There are 2 protein chains.
Amino acid sequence: MKSAALNYHHLRYFWVVAQEGSVTRAAKRLGVAVQTISVQIAQLEQSLGKALLAPQGRRLVPTEAGRLALTYADQIFQLGEHMGAALRETDSDRTLRLAVGISDALPKLIAFRLMEVVFHLPQQVRLVCREGEFDTLLAELALHRLDVVLTDRAAQPGGNLRVFSHPLGEFEITLFAAPALARRYRRDFPGNLSGAPMLLPTRGNALRGQIERWLESHGVAPLIVGEFEDSALLTTFGRAGLGLFPAPSVLSEDIAAQLGAEPVGVLADVREQYYAISNERRIRHPAVEAIRNAPVSWSRTEG
Amino acid sequence: MKSAALNYHHLRYFWVVAQEGSVTRAAKRLGVAVQTISVQIAQLEQSLGKALLAPQGRRLVPTEAGRLALTYADQIFQLGEHMGAALRETDSDRTLRLAVGISDALPKLIAFRLMEVVFHLPQQVRLVCREGEFDTLLAELALHRLDVVLTDRAAQPGGNLRVFSHPLGEFEITLFAAPALARRYRRDFPGNLSGAPMLLPTRGNALRGQIERWLESHGVAPLIVGEFEDSALLTTFGRAGLGLFPAPSVLSEDIAAQLGAEPVGVLADVREQYYAISNERRIRHPAVEAIRNAPVSWSRTEG
DNA sequence: TTCATTCTTCGTATTTTACGAAGAATTGAT
DNA sequence: ATCAATTCTTCGTAAAATACGAAGAATGAA
C-alpha cells in the first residue's frame, strides 16, 4: 500500500501548534477555529501512522516522532518563505541568467576560457555553474534546469533526449608532468615512454581511445597508474608527480602557473573536441550564442 | 499588502509539470484532469506575481522565475518524502532520543563529561546535540525541541518561560596558559599577575564577576586582552599563547593533552556552577535524570 | 492549408476544509 | 472532594477549494 502524499496544509497546522504549545493559541494565530486544527492534525497523524503531539499538563508537546517531523517542517516552511521572498526581490526579467553544466571530464581551465566571453556581453549576466557527470547534466538540460552543457563529447543523436551538440573546435593535446618526471621523459619523446607512469581519463572518455591509438602507433606501452573520470582530479594527481597526464596544449602556461607542471611532449594528431549541448538546434539564449561563436583567444582549428 | 501563504498543493503541480514539460503528461502522471492543473498553476503564478512557465515549441519550459522556484520546490518535496520515510523507518518509540542544548559558555570537555553517563544506561540512547547561545537554547527548550540545556548559569525564575534549573555541582577554577606563559606566571602566583595578559568570558557570564572579585581581593590587575562568549574559542586563543585563561581544575589533564596548556594557579574560592535546565520541575526523561544524578567521576563539591 | 495536439475558459460536481454546537477530559482553585 | 475554567474532541452542516465535462483558442507538424 502506497502511502498518500504528504498534506502540507495539515503539516503547517501541526507546525504552528507545536510552536504555540496549544491548539487554541494556534487557532488564534492562524485565524481559524480550534476544531479545524484538531481534526486536521488527527488526519496527519493517521496518514503518518504516528502520534505527533501528546498532552502534558496543560500543553501539547511533540512526541519523539513529532519532534522528528518538526525538524523537517522547519526546513520546509522556511524554504517556502524564502522562495516567496526570492521571487519578489529578484527582478528575474532584468538580469540575464545563464545556467551552465560543466562535465567532470572537461578541464576547468578550458571551461573558464569558454565561458569567459559571457562577461563581455553588453548586458549583465549572472552565471550559475553546476558540475557533474555527463548523463546527469544532460538530464538537467532536458528539464531546462540548465541552459547549456559544456563537455568533451557530443550527445548521442539517437538518445531519447532531444538535445543538440554544437562543436566548439578541436584542441591539440600535450602530455604534462611534474618537473622531475617531465625532464626525464622529455628526452627521446616519445620513444622512451614504455613503462612511464601515466594518468588517463577513464574508458568512455573520447580522449582515452585516441591516446591509446597514439601510443600503439608509436609502439610504446606506458604503465597506466590511474584512471580518472574527473579532469581536475587527474591533474591534481599529475601535479603530485604520480605520472604523465594529458591536457590541451593551449593550457600549457596555465598549467605551469597553477600546477607547476611542465610539458613533456605533444601528442601529434590527438585532438580533443569540446561541445556546447543545448536544447534547441538554433540557439536562442544570447549568452549561449556568445559561447558558441566566441573567437576563442588561443589557437584553434575550426572543425 | 501581505502576500498569502504559499500553496504547496499548487506548487506540487507546477513542479510535476516542469518535470514532464507538459500539463497533459503531468495530468496523466498525477491522475487528474488537465484543466485542474492548468487553473492551479495560473493561480500560483498570480499569487507569486510572476509567470513560471512559458510555451516553447510544443513544450512548457520554466521561465527564469520558474527555474528559481524549482530549486526551492525540489528541496521542499524532497524533504517531504524524506520526512515520510524517516517517520516510517524510525522505530521512534524504541530508541530513546535525547536532544541536548549546550551553552557556548560551557567548556566542551565539561559537557562531554556531563553527558557521558547516558551511554551507560541500560537502553540505547541517541544523543542529539546542539550548540548555541543561552537564550536561543532556552527558547528551543520551551518549544520542546530540546530535552535539556546544559549551561553555566541558572535560568531566571521570573522569566516568561516556565523552565527549571537543576544544579550539577560546583567546580573549582584554575588559570591555565601555554607553557612559556605558564612558567613565567606560576612563580609568585598570584602576586605577579598585574599586567599579565588574560582571556576572560564576556560580562554576563557568571564566572566573570567572580574572577574580577578574586583579582580585586588579591590586589592584582591583569591586562584583559580578550573577552569571549564561547568557551571553546577562549581556550583556543589561550592555547595560542595569547593569555592566561580560566577553566575548571578537573580538566587539567585534558587541557594538557588536548591544548598543550599548563596550570598556572588555582583561583581559590572561585567556583563555577553548572546547571541542567529542563521543562519539568521533576525530571521525567530517564537520560536527563541520569545526567542530573550522575556521580561525576571527578572531584566535585556538592552544592 | 488542415489536422492533431495542447492549453485555456466556463459552468457545475465533488472533495476538502472550516465552523457552530455540544460533549469529554484535565487542570487549578475553592 | 467539588466546582469552575480551560482545552481538546466529536458531531452535523456551511463555505471554500479542488476537480471535471464540454467547448473554445492557440500552436506545431504534415
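Keep in mind that this is a model prediction, so the values were computed, not measured. Residue numbers begin at 1 in each chain, while the letters A, B, ... track the order of the sequences.
- Every residue meeting the side chain to side chain contact (heavy atoms under 4.5 Å, CB included) condition with T24(A), not counting sequence neighbours, appears here in chain and number order: S22(A), V34(A).
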B/S/- along nucleotides 11-30 of chain D (protein heavy atoms under 4.0 Å) is -------SSBBB-----B--
Given the rule in the side-chain contact (heavy atoms from CB on, under 4.5 Å) test, do I291(A) and L98(A) qualify, once you have shown the distances and angles that lead to the verdict?
CA-CA 11 Å; I291(A) 291 176; L98(A) 177 66; 4.3 Å; yes
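- The phosphate of dC7(C) has OP1 or OP2 within less than 4.0 Å of a side-chain N or O from S22(B).
- Residue L60(A) contributes atom CG, which lies 9 Å from atom C1' of dT7(D) at whole-angstrom precision.
- Computed from coordinates, the R59(A) CZ to dT6(D) P distance equals 18 Å when rounded to whole Å.
- Heavy-atom minimum distance, L70(A) versus W15(A): CD2-CD1, 3.9 Å.
- Atoms CG (L53(A)) and P (dT7(D)) sit 16 Å apart, rounded to a whole Å.
- Comparing the helix axis at one end of the helix from dT1(C)-dA30(D) to dT30(C)-dA1(D) with that at the other, each defined from 5 consecutive pairs, gives an inter-axis angle of 40° (nearest 10°).
- Within the structure, salt bridge (Lys or Arg N to Asp or Glu O under 4.0 Å) contacts touching residues 17-45 of chain B (residues at least two apart or in different chains) are E20(B)-R29(B).
- In terms of phosphate contacts, S38(B) brings no side-chain nitrogen or oxygen within less than 4.0 Å of OP1 or OP2 of dT9(C).
- Partners of R12(A) according to the side chain to side chain donor-acceptor pair (under 3.5 Å) rule, which considers only residues two or more places apart in sequence or in another chain, do not exist here.
- Scored by the side chain to side chain contact (heavy atoms under 4.5 Å, CB included) test, E140(B) finds R130(B), T136(B), R145(B), L146(B) as partners (sequence neighbours excluded).
- Counting to the nearest Å, the P atom of dT9(C) and the CD1 atom of I41(B) are 13 Å from each other.
- Between the P atom of dT17(C) and the OH atom of Y8(A) lies a distance of 15 Å, rounded to the nearest Å.
- Separating the CD atom of E20(B) from the C1' atom of dT5(C) is a distance of 17 Å, rounded to the nearest angstrom.
- Every residue meeting the ring pair (Phe, Tyr, Trp, His ring centres under 6.0 Å) condition with Y8(A), not counting sequence neighbours, appears here in chain and number order: Y8(B), F77(B).
- Not a single salt bridge (Lys or Arg N to Asp or Glu O under 4.0 Å) links D104(B) to another residue, sequence neighbours left out.
- In this structure, R58(B) has no side chain to side chain contact (heavy atoms under 4.5 Å, CB included) partners at least two apart in sequence or on a different chain.
- Listed pair T24(B) / dT5(C) fails the phosphate criterion, with no side-chain N or O lying under 4.0 Å from OP1 or OP2.
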